[in-house]
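In what follows, a single structure is set out as structure tokens and then discussed.
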Amino acid sequence: MENHFKSQLIQYYEYLQKNTATNSMVEQAIGIKQKNLTRYKVTLEDQGSLVVVYRGFCEVTGFPADFLSTNKEIIKKVNERKYKETLFP
């Protein structure tokens, strides 16, 4: 991965450590294009380092969107919830 994009990925990851937000909200906060954020989202999801916490209305667009987090404690809780849902549908 090129250094510029690696740097952006790190910024994205660190922002979502402290904030649960949509990609549009992250773009507005840190200035990385949403198209790049979407790519980074897939990379981090594949690594198990990012989860969708809930679906709600984005503060930037006003449309339904996924609220994301890379916070380890939140990831653990979301994964536990998903596991319980598969056991007790």
Drop me the distance from [X]'s [atom1] to [Y]'s [atom2], to the nearest 0.5 angstrom.
{"X": "Gln28", "Y": "Thr61", "atom1": "CD", "atom2": "OG1", "result": "10.5 Å"}
{"X": "Met25", "Y": "Leu68", "atom1": "CE", "atom2": "CG", "result": "9.5 Å"}
{"X": "Lys76", "Y": "Arg81", "atom1": "NZ", "atom2": "CZ", "result": "15.0 Å"}
{"X": "Ser49", "Y": "Lys72", "atom1": "OG", "atom2": "NZ", "result": "6.5 Å"}
{"X": "Tyr15", "Y": "Thr20", "atom1": "OH", "atom2": "OG1", "result": "9.5 Å"}
{"X": "Phe67", "Y": "Arg55", "atom1": "CZ", "atom2": "CZ", "result": "10.0 Å"}

Are Leu16 and Val52 in one and the same hydrophobic cluster, where Ile, Leu, Val, Met, Phe, Trp and Tyr link if side-chain heavy atoms are under 4.5 Å apart? yes
Do the side chains of Glu45 and Lys41 get close enough for a salt bridge, i.e. N-O under 4.0 angstrom? yes
Looking at side-chain heavy atoms only, is the closest gap between [X] and [Y] below 4.5 Å?
{"X": "Tyr54", "Y": "Val78", "value": "no"}
{"X": "Leu50", "Y": "Tyr12", "value": "yes"}
{"X": "Ile75", "Y": "Asn79", "value": "yes"}
{"X": "Gln47", "Y": "Thr43", "value": "yes"}
{"X": "Thr22", "Y": "Asp66", "value": "no"}
{"X": "Tyr13", "Y": "Leu44", "value": "yes"}
{"X": "Ile32", "Y": "Glu27", "value": "no"}

Greater than 12 external heavy atoms within 6.0 Å of Gln34's CD: yes
With a sphere of 6.0 Å drawn around CD of Gln17, does it hold more than 12 non-hydrogen atoms of other residues, nucleotides or ligands? yes
Please check: side-chain N/O of Asn19 versus main-chain N/O of Ala21, any donor-acceptor pairing under 3.5 Å? no
Under 3.5 Å: donor-acceptor pair, side chain of Ser7, backbone of Asn3: no
